[in-house]
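What follows is a short report on a single structure.
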Amino acid sequence: MAAREELIILFDEMGTALELLGANAFKVNANRKVARVLEDMTEDLTPLADDPAALQKFDGIGKSSAVKICEFLTTGRIQDHQALLEQLPDGLLELLNVPGLGPKTIRNLWEHAGVESIADLEQAIADDALGDVPRLGKKTIANIADSIEFMKKAGERMPIGRALPLAERLIEHLHAKGGVGQVEYAGSLRRGRDTVGDINLLATCDDPAGLIEHFQSLDDVDKVLLAGDTKCSLRLGLGMQVDLRVVPTEAFGAALMYFTGSKEHNVTLRERAIKSGMRLNEYGLFPDDGQDTPPQDRGITPAAAATEHDIYAALDIPFHPPELREDRDELDSVPPLVTIEDIKAELHAHTTASDGHLTLKELVVEAKRRGFHTLAVTDHSRSSVQANGLDDDRLRRHIEAIREIDAATKGIRVLAGSEVDIHADGSLDYDDQLLAELDIVVASPHASLKQDPAKATARLLAAIAHPLVHIIGHPTGRIIGRRAGLSPDLHALIEAALEHDTVLEINANPQRLDLRDIHVRAATDAGCLLAINTDAHTDTHFDFLRYGVLTARRGRLGPEQCINCWPAKRLHAWVASKR
DNA sequence: GCCGTTTTCGGCCCGACTGTTTTCAGTCG
């Protein structure tokens, strides 16, 4: 594991340990914040081992944390971390993963019933041994038992490729009831994260109680976790929690903003509101009159509430699209971001010649139907045997067929390409003479994806520097939730890509999303060119574009640096420049 | 523990819901 990943775990654990020990909540948060800042970093930490001042430049890392990070980089451990964990039984931290159990309750269980782990807790429940624990009644105990059962069968976070279609079906279900106005999904799904932990829905309705009732009539409801006047949480059988909030129409924007988060972005906005003498909550942005009772309960008219745009404007902050609400940047400027409508070319797609499901002709028809001015046909190369990769002769005949269909088709340029394997040593799967016959080359790693970082870096650098290569396809080879993929030195790749005018791909397949958001961000900041490709193997795969675009936007990518957005002439000239 | 365009000390976001309680603590998002 890389140092950065270990540090994320250590700071998270320090926060958790402090919480269980009853430390100051702000101190707890400060440690968690350091973990979050580390999550968003792509820099190599090794050179900073004796430079705490450089670490303190990152917002949220103060002197104390910087010294701890340096201690870890030098010695491989943090003494304070070890000292904290020694004060707690080994199993206590895992109890925080039980939904409904917070630090106070866990401390309570530990002190009054000797519970030190999930196993202890299960045993104590079975033995009916929790009677003496204060503020712990029968209902709470039953809920805890249920949560533990649920944890055992619940899966990981759900990939966005499953969560987004599910959310759209849930919204359809809500619209089936009469009197429903707006319905939107919020949360990390709306922010476009590559995986989501739950689904948040927001609705307006002239009969909130009726809608809450109707919501519970969904198929596949495993448990109703809570159901109030305006709020309802369900657990679906497939292990996903879904929350619905019914809100007033006039406050829909405030609620949407609030439930879209991120939590950190919301906190930053509220702090900004306070500095401007205002108060922000899910009902709107109100003048702050210093009273404790919430302004919406006193009939105060908000300065803004109906739309998100109104609220950002009233705060004098540029509108932030959901993808940029991760609190990674200052609030003062928002760059132009790529949109689905900007994408005019698909530069990575497969046909029945290798492992695709569309014939060459069907693929071209589909790309044209989608309004693209350019399509690159990039079937697999010979080493991808499992994908029916093309040997030299088959590739030459395929190139001929592509040239013919290009000449015969009006309204779209069809490029003869290949998705060429990058071997473990960095060499490519066809010789240079054959590569030169192709219009466009996407070079991708497919095998040897457990290489150590140094080898992976050298491998990818060789492909980036190859004069006949245009694009590096799914550079790390990760499969979300299944395979970590390569961990190359990203900044070295970015530097080389700039030098050799090579493009890095954002593979839009929701199982991949590779490069991922923070990688895109680093590449965008450096001035790199990127491509958003669907890697289509059938017609519906073109719909993956939205996932790639969300990832790109999270990385602050604009249309200027995304070659799929370029006009045909400019794109074709760039493609030709590598020949 | 972190931070500062009034601050190097004294703040640090806000509300819904539940369960265990007679007025509120804890959890969650």
Side-chain angles (χ1 to χ4, degrees), chain A residues 11 14-15 18-19 22-37 55-69 80 84 95-109 133-144 146-147 186-189 191 196-202 208 212 224-233 241-247 251 254-255 257-286 288 292-297 327 332:
Chain A
F11 275 94
M14 285 193 282
L18 286 164
E19 193 171 32
N24 178 314
F26 298 107
K27 190 170 166 178
V28 173
N29 273 338
N31 276 278
R32 298 241 166 90
K33 165 121 194 197
V34 173
R36 227 173 45 241
V37 171
L55 287 162
Q56 277 181 256
K57 297 231 162 60
F58 292 91
D59 191 43
I61 299 181
K63 192 173 176 201
S64 158
S65 295
V67 168
K68 288 193 183 88
I69 292 171
D80 279 7
L84 273 173
L95 279 164
L96 271 171
N97 296 327
V98 179
L101 278 191
K104 300 274 168 50
T105 312
I106 291 170
R107 213 181 143 84
N108 211 2
L109 284 164
V133 181
R135 293 197 64 85
L136 201 69
K138 280 195 168 53
K139 278 199 157 175
T140 303
I141 292 171
N143 282 338
I144 291 170
D146 183 71
S147 289
S188 57
L189 182 59
R191 298 199 310 277
V196 305
D198 57 13
I199 292 176
N200 301 279
L201 300 173
L202 218 59
I212 297 283
V224 178
L225 297 170
L226 62 89
D229 295 338
T230 62
K231 181 177 173 178
C232 180
S233 289
Q241 182 173 325
V242 188
D243 299 334
L244 170 68
R245 294 290 283 249
V246 188
V247 303
M257 214 158 126
Y258 179 77
F259 289 106
T260 296
S262 65
K263 191 175 170 179
E264 292 75 24
H265 182 69
N266 285 346
V267 169
T268 304
L269 289 182
R270 291 214 191 101
E271 286 167 356
R272 183 72 78 98
I274 290 168
K275 276 184 192 152
S276 310
M278 292 186 281
R279 181 167 165 178
L280 179 64
N281 61 29
E282 63 257 54
Y283 295 96
L285 179 68
F286 297 88
D288 188 1
D292 277 348
T293 312
Q296 68 273 10
D297 295 343
D327 203 39
D332 312 312

Between the protein and nucleotides 27-29 of chain B, which nitrogen or oxygen pairs come in under 3.5 angstrom?
from, atom 1, to, atom 2, distance (Å)
dT27(B), OP1, Gly102(A), N, 2.7
dT27(B), OP1, Gly102(A), O, 2.9
dT27(B), OP1, Thr105(A), N, 2.9
dT27(B), OP1, Thr105(A), OG1, 2.5
dT27(B), OP2, Lys104(A), N, 3.4
dC28(B), OP1, Gly100(A), N, 2.5
dG29(B), N2, Tyr258(A), OH, 2.1
dG29(B), N3, Tyr258(A), OH, 3.4

List the residues meeting salt bridge (Lys or Arg N to Asp or Glu O under 4.0 Å) with [X], not counting sequence neighbours, and say none if there are none.
| X | answer |
| --- | --- |
| Arg135(A) | none |
| Asp297(A) | none |
| Arg245(A) | Glu282(A) |

With sequence neighbours excluded, what pairs up with [X] under the side-chain contact (heavy atoms from CB on, under 4.5 Å) test?
| X | result |
| --- | --- |
| Glu264(A) | Arg36(A), Ser262(A), Asp327(A) |
| Asp288(A) | Arg279(A) |
| Ser188(A) | Arg157(A), Arg191(A), Arg193(A), Val196(A) |
| Gln296(A) | Asn281(A), Tyr283(A), Phe286(A), Pro294(A) |

At 4.0 Å (heavy atoms only), tell me whether Ala227(A) reaches a base, stays on the sugar-phosphate, or touches nothing.
sugar-phosphate
Would you classify Leu269(A) as touching base, sugar-phosphate or nothing, given that sugar-phosphate means primed atoms plus P, OP1 and OP2, and contacts are heavy atoms under 4.0 Å?
nothing
Determine the Euclidean distance between corresponding P atoms of dG11(B) and dT7(B); express it in Å to zero decimal places.
15 Å
Which whole number of Å gives the distance between the C1' atom of dG19(B) and that of dC12(B)?
29 Å
Can you find a side chain N or O atom of Thr140(A) that sits less than 4.0 Å from OP1 or OP2 on dT20(B)?
yes
How does protein reach along nucleotides 1-12 of chain B, written 5' to 3' as B (base within reach of a heavy atom under 4.0 Å), S (only sugar-phosphate), or - (no contact)?
BSS--------B
Nearest to the Arg279(A) side chain among dA16(B), dC14(B), dG19(B), which nucleotide is it?
dC14(B)
Roughly how many Å is it from CG in Asp146(A) to P in dG19(B), rounded to a whole number?
12 Å
When the distance from CG of Asn143(A) to P of dG26(B) is rounded to whole Å, what number comes out?
17 Å
